[in-house]
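I have placed the structure first, in the form of structure tokens, so that the comments after it can refer back to it.
In what follows, chains carry the letters A, B, and so on, assigned in the order in which the sequence lines appear, proteins first and then strands, with residues in each chain numbered from 1.
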2 protein chains.
Amino acid sequence: MVVVVEDDVFKALADPTRRRILDGLVERDGQTLFEICARLAAEGGPGLSRQAVSQHLAVLESAGLVVPRRQGRYKFHDLNTEPLERIAARWRRPDRPESAP
Amino acid sequence: MVVVVEDDVFKALADPTRRRILDGLVERDGQTLFEICARLAAEGGPGLSRQAVSQHLAVLESAGLVVPRRQGRYKFHDLNTEPLERIAARWRRPDRPESAP
DNA sequence: ACCATAGGCAAGTACCTACTTGCCTGTCAG
DNA sequence: CTGACAGGCAAGTAGGTACTTGCCTATGGT
């Protein structure tokens, strides 16, 4: 059982590179490590080694934001937006007039 | 004019103490520095000096999550949830069936 | 079988951030 | 005016985090 604490989600989102990885996964699910590496490099950001991206993915996985899916020697990564919904709802004002149901 | 980048918002949310400060402000707006200090101490968390809280508030302010309001020798802090709405919307799936326009 | 590909593990380094301590400024009460 | 209160500024320190380098495992093609 994987207990994902909100703390891990915030820590995962704190890094700009990890956020860019999520940006890439929004566009297309199931990318491999090398695909993500190539996409980051293509976007012209800072030069990143393969290991750096791998470690970022590990952080995203432990936060539950990315779900890995192994198949042969490939490991595809899928995005999971569910933790994001919760963190946004945390500080929602109960008294704010905002599209009341 | 204060240009608030998303980066600052994520960095501000990365710290658990700052999130607890936001939690306190959701319950009651317009708390002073000492009030926030007392509330954090009452919640039984880790011991925090006044300066530590002050620096946390500075980070929250530069992220636009907390808006200060000076009055005499007091400085009241109000919560601003607007940046939170944006960061949640960032990774929303376009193909997800969710209130399509 | 062999080698290339896809990825993981581990140690080391440079930087960043949270926190503390000490001192200073401005505001109200007596 | 004087002292107490609310808060800010600045330098220093300890722990964390991102990134690199080097080596290792496993799967697939030829």
Side-chain atoms of B:Arg50 come closest, of D:dG8, C:dA6, C:dT20, to D:dG8
Does B:Glu85 pair with A:Arg92 as a salt bridge, N-O distance under 4.0 Å?
yes
* Would you please confirm or rule out a distance under 4.0 Å between OP1 or OP2 of D:dC19 and any side-chain N or O of A:Ser49? => no
Closest heavy-atom pair, A:Asp15 versus A:His56, reported as atoms and distance to 0.1 Å, is OD2-CE1, 3.4 Å
Whole-Å distance, A:Arg19 CZ to D:dA18 P, equals 11 Å
A:Leu57 CG to C:dG8 C1', in whole Å, measures 12 Å
With distance as the sole criterion, do the side chain of B:Gln71 and the base of C:dT27 form a donor-acceptor contact below 3.5 Å? no
field: Pairing of B:Glu6 and A:Arg19 as salt bridge, 4.0 angstrom limit
entry: no
(Q) Determine whether a donor-acceptor pair (one donor, one acceptor, N or O, separation below 3.5 Å) exists between the side chain of B:Gln55 and the base of C:dT20. (A) yes
Regarding the side chain of B:Gln51, the nearest nucleotide among D:dC9, D:dA18, D:dG22 is D:dC9
Here the distance between atom P of D:dA6 and atom CD1 of B:Ile36, to the nearest Å, is 14 Å
Atom CG of A:Asp15 and atom C1' of D:dC19 are separated, to the nearest Å, by 11 Å
Sorted by position of nearest nucleotide on DNA chain D, 5' first, the leading residue of A:Arg73 and A:Val59 is A:Val59
Taken to the nearest whole Å, NZ/A:Lys11 to P/C:dT17 is 14 Å
Counting only N and O atoms by type, is there a donor-acceptor contact under 3.5 Å from the side chain of A:Glu35 to the main-chain atoms of A:Thr32? yes
_Counting only side-chain nitrogens and oxygens, does B:Arg18 get under 4.0 Å of the OP1 or OP2 atom of C:dA18?_
yes
Result for 5'-nearest mapping on DNA chain C, choosing between A:Thr32 and B:Thr17, is A:Thr32
B:Phe10 CZ to D:dT17 P, in whole Å, measures 18 Å
Of C:dT20, C:dG8, D:dC19, the nucleotide closest to the side chain of A:His56 is D:dC19
Worksheet item: Taking everything shown except B:Gln71 itself, do over 12 heavy atoms lie less than 6.0 Å from its CD?
Response: no
Rounded to whole Å, the CG-C1' distance (B:Leu13 to C:dT17) equals 16 Å
Under 4.0 angstrom between B:Ser54 side-chain N/O and D:dG8 OP1 or OP2:
yes
Item checked: Under-4.0 Å side-chain N/O to phosphate OP1/OP2 contact, B:Lys75 with D:dA6 -> no
Whole-Å distance, B:Arg70 CZ to D:dC5 C1', equals 13 Å
